[in-house]
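These notes are about the structure you will find just below.
Here the structure is a predicted model, which means the values were calculated and not measured.
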Amino acid sequence: MMRGRSDGAQKKRLLTSVAVVAIFVVVLYFYFGSKSNGESALEYGSRSLRKLGSSYLGGDDESDLSSKQDEKFGLEDGEDGIVSKSFPVCDDRHSELIPCLDRHLIYQMRLKLDLTLMEHYERHCPLPERRFNCLIPPPAGYKVPIKWPRSRDEVWKANIPHTHLAHEKSDQNWMVVKGEKIIFPGGGTHFHYGADKYIALIANMLKFPNNNLNNGGRIRTVFDVGCGVASFGGYLLSSDIIAMSLAPNDVHQNQIQFALERGIPAYLGVLGTKRLPYPSRSFEFAHCSRCRIDWIQRDGILLLELDRVLRPGGYFAYSSPEAYAQDEEDLRIWKQMSTLVERMCWKIAEKKNQTVIWVKPLNNDCYMERPAGTQPPLCRSNDDPDAVWGVNMEACITPYSDHDHKVGGSGLAPWPARLSTPPPRLADFGYSSEMFEKDVELWQRRVEHYWNILSSKISSDTLRNIMDMKANLGSFAAALKDKDVWVMNVVPKDGPNTLKIVYDRGLIGTTHDWCEAFSTYPRTYDLLHAWNVFSDIEKKGCSGEDLLLEIDRIVRPSGFVIFRDKQHVIDFVKKYLSPLHWEAVADPTPDQDQEGDEIVFIIQKKLWLTSESIRDTE
């Protein structure tokens, strides 16, 4: 009897094992066999097949992805160029992973950070062996984003399934949940009744014509610090003003993610210990509406950083209780702040109700006339005010260049003429007006070529958020001036620091090191333009595979990437089309200008979904 029971148990175990193996084979068949082309979505199997790349967690990786490809780009994996690798899908809880702004990483690394200085909101990147090597999945129910300009006022709730801000800020009209959508009425902490009315009020305070803040094209670039969901910046766009809306990944999580989903320019960052990633004299106007920043801390270092990025004659609009409240603490802060800005040579342009607007001097005269020993001091003569990547802030005043001092301002043309007028700071790089104009013409031709290739895939409202990963003088973005898009112009930290030229043309951007992850949420850009970016990181010994995964993280499903690089780089990218679920829009084409050996290759990211997700073809 005992033996019979044992044989029966063995048979049951055998049948169970066979069933498990059969199920596994079926799952693998559907996983690898159901990849579809064109517009159809890819759907993955059960949760058990989706895991976080173990190399990111610092564990042992037994998959064939354990060794990153840090060697020279090429076809090392076989003569046919086919990659035998496949990328696992990250766990669902990492659908919003920002590798260099990841709180879990900070905890794991046990970094000793000063929370009072906001160091925990600054960039802290994982070491190469701890980077993720998996594909970031979209959230359950992800839908193709609503098109601009409708997206300014509404987004799909499924794409950013976070409604806590709607409840927390319900009395301030930040956002409202309405069925499957999140609605943005245009309110803010200080402007409950709409950003448009608030913007007109500021323009009226400054006596600008027609209550238009752009002041005849003289106000073009704006810096909105502590921006919330960026409604202030969103409503500036209709006045031909572009704002860099900045906020950290703090207790108001996802505010920048909402801004980018809405199609509004925004960037994750904080006023902490490092300089902002923008050159000196970048913005005509700065804005803080109850941004909860202690401006007088550390000898006013944060306000001095704001001063660094403001142009001569630039404005700072400050709407906060300190500007009007009469209680003892607010009066104390107001007195200290007023004394500080007076020593910085700022003057009150206007003060009304709950808002004060200061204006910077046009030249260095006031700085030179201050009594000896006045604090804050002028920055050292050998300080480079445009060096920003990883550079600590300093509590000093950045004086103007000789040119700006002599002309009493930046000498920039009003918008839109500014876009095509050679800016004075071209001389800092030894560039002539003729070189500038040739660059403009070159990129106009190149962008026309790109759009010809994309013509069968896009319509007038397909693209909104665009990133130029190596912007140089910003001529790629300038060539898109007639399209309803905005461009984040990225200038790599190792090359010529031309970001100030980008800003002088009335465009916006940031500095970055492409050996690291970018400070943005997943699925935030419709198109990325990578001009020789891979060739550049190859020279530095950085991983091309890491960069491909980072590009995939940033680009939206159904979005595009334009590669313009050497042939061996294009061959390298082509190897990864299947593992990344990308498809070629067209065959690679040689440089139309015949000025080098660059090849153009455009891909589209497929909309693949996890098992619980559905696709909505709006």
Under the ring pair (Phe, Tyr, Trp, His ring centres under 6.0 Å) test, residues paired with Phe285 that sit two or more places apart: none
Stacked cation flag [X] on [Y], 6.0 angstrom / 45 deg:
X: Lys181; Y: Trp156; value: yes
X: Arg564; Y: Phe601; value: no
X: Arg152; Y: Tyr235; value: yes

Quick one: are [X] and [Y] in side-chain contact, heavy atoms under 4.5 Å?
X: Ile603; Y: Phe560; result: no
X: Leu548; Y: Glu545; result: no
X: Met175; Y: Ile183; result: no
X: Arg523; Y: Tyr142; result: yes
X: Lys157; Y: His162; result: no
X: Ile466; Y: Leu480; result: yes

Set of salt bridge (charged side-chain N to carboxylate O under 4.0 Å, His left out) partners for Arg311, sequence neighbours left out: Glu284, Asp504
Any residue meeting salt bridge (charged side-chain N to carboxylate O under 4.0 Å, His left out) with Lys500, in chain and number order, not counting sequence neighbours: Asp386, Asp428
Under 6.0 Å between the ring centres of [X] and [Y]?
X: Phe232; Y: His287; value: yes
X: His512; Y: Phe518; value: yes
X: Trp486; Y: Trp148; value: no
X: His529; Y: Trp443; value: yes

Geometric class of the His94/His104 ring pair [parallel <30°, tilted 30-60°, perpendicular >60°]: perpendicular
Side chains of Gln567 and Asp571, donor plus acceptor under 3.5 Å: yes
Exercise: do Trp514 and Glu550 side chains pair donor with acceptor under 3.5 Å: no
Backbone N/O of Ile241 and side chain of Ser239: donor-acceptor pair under 3.5 Å: no
Single hit among Asn532, Asn489, Asp536 for side-chain hydrogen bond (donor to acceptor under 3.5 Å, both in side chains) with Lys470: Asp536
Lys438 atom NZ, neighbour heavy-atom count above 12 within 6.0 Å: no
Worked check of side chain to side chain contact (heavy atoms under 4.5 Å, CB included) between Met488 and Thr520: CA-CA 11 Å; Met488 177 67 78; Thr520 193; over 6 Å; no
Residues Ile554, Ile551; criterion side chain to side chain contact (heavy atoms under 4.5 Å, CB included); working and verdict: CA-CA 5 Å; Ile554 295 171; Ile551 288 173; 5.8 Å; no
CA sep, side-chain torsions, deciding dist, call: Lys605, Glu583, salt bridge (Lys or Arg N to Asp or Glu O under 4.0 Å): CA-CA 7 Å; Lys605 177 180 176 178; Glu583 62 181 1; over 6 Å; no
